[in-house]
Amino acid sequence: MMLKKNFVANLHWRGMIHNIVPGTEAYLNQGGTMGYIGFDPSASSLHLGNLVTIMLLRHLQEAGHTPIALLGGATGMIGDPSGRTQERLFLTEEVLRYNEACIGKQLEKFLDFSNGKNRARLLNNLDWFKKESLLGFLREVGKHISIGYMMAKDSVKQRINTGISYTEFAYQLLQGYDFYHLYLHEGVSLQMGGSDQWGNLTTGVELIRKKIQSQAFALTVPLLTRADGTKFGKTASGDNIWLDPEKTSPYQFYQFLLNCSDHEAEKLIKIFHGCRQEEVESLILAHQSRPEKRMVQQILAEIVTTMVHSAAACKKAIWCTGMLFDGAVSTDQLFALSEEDLLMICTTIPKINITSHTFMEVDTILSLLSVATGGAILSSKSEAKRIITSRGVMINKVLILDPFEKPNLMLLHNRYLLVQKGKKSHYLIVVQ
RNA sequence: GGGGAGAUGCCAGAGCGGCCAAUUGGGGCGGACUGUAAAUCCGUUGCUUUAUAGCUUCGAAGGUUCGAAUCCUUCUCUCCCCA
C-alpha cells in the first residue's frame, strides 16, 4: 500500500517516466500536492495517445494528490509546434469552444470529480488569457525568457529551417505562463505531459523560478511509438484511435488494442492496468511463455475498452471479434445466424446501405464493391479489380475470384452481405 | 529592402523538351507464412467496362513548341545569405 502512495515510484515500474525535474519525487512524497496536464482542443475527441497522459492524472489521484485537467482554450488558438513538422491551421473559435465542451465531458469519465479533498478539477486557460493584454504579457512573461532559451527547444529547433511563424514560436511562453498562473493562483506545483512536451514544461518551471524564485516540478511520460517509429494510437493508415465511439467504434477500438505487438502490449498493460506491480508482471511472464495465446493483448483490449466505453460495449466487441475472425465460422453458420445477431455485427463494423434497385442493376461484383457502395469498401474500380484478382475479397465468407462475375449472391436474411477485404476489414452491405 | 535557392505522386527524393503515369527508397494496400503477431518473401500503389489503349496529373495562371514535369512570363508560398 505504501508503494501506491509513492506516485513517482509507481510510474517508474510502469515505464511512465521519460524525463523528470530533479527533486520531484521527494517533493511529491510530502503528499497533498496538485498536478496538471493540458489537453489541446484541436479535435472534438481525445484519442488513445491522450489516454496515456490521462492515466498519469489517474495514478496521481490514486496516490492522494489532486489532478487538474487543463483545457487549452487559449493555447489551442495558437497551436503547439511540438512534434509538428508544419505550421498548424487555425481553428475557428466556434470549433474550439465545441471541442472543449466535448473533451471536457470525456475527461469526466476517467477522473473522480465527485468529492473528497483531492477531487479532480477541470480548468480552461482561456479564463486567464482572455484577461491578458499583449503589452502586459510581453512585460510580465516575455521579459523573463530569452530568445536563446526559446530557440534551444527541440520544438523550435526542428522547425527553424523548415519554417515556423512567430505565433507558434511564442507558444511555449503561453504554456509556460499557464504553469506560472496555476502555481501562483491555485497552488499547482507539478505539470505533466507527453515527452514532446518537455520543452514547454521546463519553460514553465523556468518562468516560475525567474519570476518568483520558486521551485516547480515537471515530468513527462514516454510518447509511445510503434516499431516503425510512428506515433502510437493511430491506425496504420494514420487515423487516430478516438475515444469517441462515434469516431472510432468500440469494436475498432478493441481491435486496435488486440492487434498490438507483444512488446507494445507489454508496455501498455503496465500503463493501463490498475493492479499492483507483481500481478502485472506475472501476467507478462505468463504471456511470454505462450505468446501465441495473446493473453496480454486480450486483457489489455478488454480493460481499456471497458474503461473508455463500457463493459457492455466491450462484451459486444469481443463477441463480434469471434464472429468475424473465428475460422470455424463457415458460410453455412453465417446463414444460420439470427438477424438480431447480424444486426449486432452491423453496429460494430461499417455498414453501407444500397437500394435494392441499385443492387439489381449492378452487373459485376467489381462495381458492386466500388461504385455501387460509394467507394466505401474499394475506392475505385481499378482498386477493386486489383484486390479481387489478388484474392483479397470474400463475400459471405466465400472467396471472390473473378471481378467481372455477375453478382449472383445469396443475401443473408434477404438483405445483408458480409464483405471481407483483406484479413481484417469487414463491411456489411444492407440492401434496402 | 537586396541577393540566391526551391515548390514533383501519401512522404522523402530523381527527372530538366519526346523512350515520363513519371527512377528509387519509405509507407500503404493485397497475397504466402503465422498468433487477426514480428521477421521474411511475392504482387501492387492516378483514373477509366476488363485496356500491346485512352484520359487527367509534376505550386497557380498564361505562353513558346508538332510535342513540356522539363523552356519563357506573371503570380502564390517556402528556405538560405546580406542589410
Side-chain angles (χ1 to χ4, degrees), chain A residues 81 84-89 156-166 168-169 225-231 234-239 251-269 284 286-302 305 317-329 345 348-349 361-372 375-395 397 399-407 418-427:
Chain A
R84 285 283 180 142
T85 53
Q86 285 190 333
E87 191 83 6
R88 289 176 186 244
L89 294 174
V156 175
K157 260 198 288 191
Q158 289 183 355
R159 283 274 299 281
I160 211 83
N161 285 326
T162 54
I164 183 168
S165 65
Y166 177 73
E168 286 198 10
F169 173 67
T225 50
R226 329 185 84 194
D228 60 14
T230 57
K231 258 191 191 177
K234 292 190 186 245
T235 61
S237 48
D239 303 321
Y251 166 79
Q252 290 173 304
F253 189 89
Y254 178 88
Q255 279 287 321
F256 178 83
L257 291 165
L258 189 66
N259 276 302
C260 285
S261 70
D262 295 349
H263 182 63
E264 203 170 46
E266 285 169 17
K267 284 201 290 192
L268 293 171
I269 197 94
I284 290 174
H287 170 255
Q288 284 168 344
S289 68
R290 296 292 301 279
E292 73 281 4
K293 292 264 181 210
R294 295 186 299 153
M295 215 154 46
V296 167
Q297 280 92 333
Q298 280 170 27
I299 293 173
L300 173 73
E302 192 173 335
T305 307
I318 293 172
W319 180 83
C320 289
T321 293
M323 288 315 303
L324 295 171
F325 284 95
D326 194 342
V329 178
I345 295 178
T348 58
I349 61 175
E361 291 274 291
V362 118
D363 55 346
T364 57
I365 295 218
L366 176 140
S367 337
L368 173 68
L369 298 181
S370 53
V371 290
I377 301 177
L378 294 160
S379 65
S380 70
K381 291 189 184 181
S382 303
E383 196 196 355
K385 192 182 156 197
R386 268 199 298 278
I387 292 180
I388 295 171
T389 15
S390 56
R391 309 166 69 85
V393 173
M394 289 208 276
I395 296 181
K397 303 256 178 193
L399 187 64
I400 304 300
L401 296 167
D402 178 11
F404 300 103
E405 188 182 317
K406 278 207 182 297
L418 182 66
V419 180
Q420 180 173 349
K421 185 190 83 168
K423 276 184 183 131
K424 296 177 187 171
S425 309
H426 302 269
Y427 306 86

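Keep in mind that the numbers below use all heavy atoms, side chains included, and drop hydrogens, waters and symmetry copies. Convention: sequence-line order gives letters A, B, ...; per-chain numbering from 1. Please read these numbers as outputs of a predicted model, since none were measured by experiment.
- Straight-line distance between the P atoms of U56(B) and C29(B): roughly 31 Å, to the nearest whole Å.
- For the pair L401(A) CG and G31(B) C1', the interatomic distance rounds to 13 Å; values are reported in whole Å.
- Atom CG in L378(A) sits roughly 10 Å away from atom P in G30(B) (whole-Å rounding).
- Out of G35(B), U36(B), G30(B), the shortest distance to the side chain of S390(A) is found at G30(B).
- In this structure, F404(A) counts as stacked on the base of U50(B) under the 5.5 Å centre distance and 30° plane angle limits.
- Here the P atom of nucleotide G31(B) and the CD atom of E383(A) are 12 Å apart, to the nearest Å.
- Using a 4.0 Å heavy-atom criterion, one finds that R294(A) contacts the bases of the nucleic acid, with or without backbone contacts as well.
- Residue Q255(A) places its side chain closer to U36(B) than to any other of A32(B), C47(B), U36(B).
- On the P atoms, G13(B) is 9 Å away from U8(B), given to the nearest whole Å.
- On the C1' atoms, U23(B) is 14 Å away from A12(B), given to the nearest whole Å.
- Two residues, G422(A) and D262(A), neighbour RNA chain B, and the one matched to the more 5' nucleotide by heavy-atom proximity is G422(A).
- Of the P atoms belonging to G30(B) and A7(B), the separation is 34 Å, rounded to the nearest Å.
- Rounded to a whole Å, the CZ atom of F325(A) is 15 Å from the C1' atom of U34(B).
- Among the protein residues, T389(A) comes within range of no part of the nucleic acid, since none of its heavy atoms lies under 4.0 Å from any strand.
- Among the heavy atoms of the strands, none lies under 4.0 Å from K293(A).
- Nucleotide G1(B) has C82(B) as its partner under the Watson-Crick or G-U criteria, with both atom distances under 3.5 Å.
- Between G17(B) and G25(B), the two P atoms lie 25 Å apart (nearest whole Å).
- When both pairing distances are held under 3.5 Å, C71(B) makes a Watson-Crick or G-U pair with G63(B).
- Picking from U34(B), C47(B), G35(B) the nucleotide with the shortest atom distance to the side chain of Q297(A) gives G35(B).
- A gap of 32 Å separates the C1' atoms of C11(B) and U50(B), to the nearest Å.
- Contact annotation: side chain of K385(A) to base of U48(B), donor-acceptor pair absent below 3.5 Å.
- The CD-P distance, from E292(A) to G35(B), rounds to 7 Å in whole Å.
- Spacing of P atoms, C16(B) relative to U24(B), comes out at 16 Å, to the nearest Å.
- Across the strands present, A37(B) finds no partner; the criterion is a Watson-Crick or G-U wobble pair with both atom distances under 3.5 angstrom.
- As judged by a 4.0 angstrom heavy-atom cut-off over every strand, L258(A) is placed among the base-contacting residues.
- Remark: G6(B) base-pairs with C77(B); criterion is Watson-Crick or G-U wobble with both hydrogen-bond distances under 3.5 Å.
- When heavy atoms are screened at a 4.0 angstrom cut-off, S380(A) is found touching the sugar-phosphate backbone but no base atom.
- Of the residues near RNA chain B, D363(A) and K421(A), the one whose nearest nucleotide (by heavy atom distance) lies more toward the 5' end is K421(A).
- The backbone N or O of L378(A) lies less than 3.5 Å from no partner atom in the side chain of E383(A), so there is not a single donor-acceptor pair.
- At distances below 3.5 Å, not a single donor-acceptor pair connects side-chain atoms of T305(A) with backbone N or O atoms of E302(A).
- Look at NZ on K406(A): it is 13 Å from C1' on U50(B), rounded to the nearest Å.
- In the set U48(B), C47(B), C33(B), the nucleotide with an atom closest to the side chain of K381(A) is U48(B).
- Of the P atoms belonging to G59(B) and A14(B), the separation is 14 Å, rounded to the nearest Å.
- An OP1 or OP2 oxygen of G35(B) is reached within less than 4.0 angstrom by no side-chain nitrogen or oxygen of K424(A).
- Summarising the geometry, the separation between CG on L300(A) and P on G35(B) is reported as 21 Å, rounded to the nearest angstrom.
- Residue I387(A) contributes atom CD1, which lies 12 Å from atom C1' of G43(B) at whole-angstrom precision.
- Scanning both residues, I377(A) and K421(A), for their nearest heavy atoms gives O-CD, 3.7 Å.
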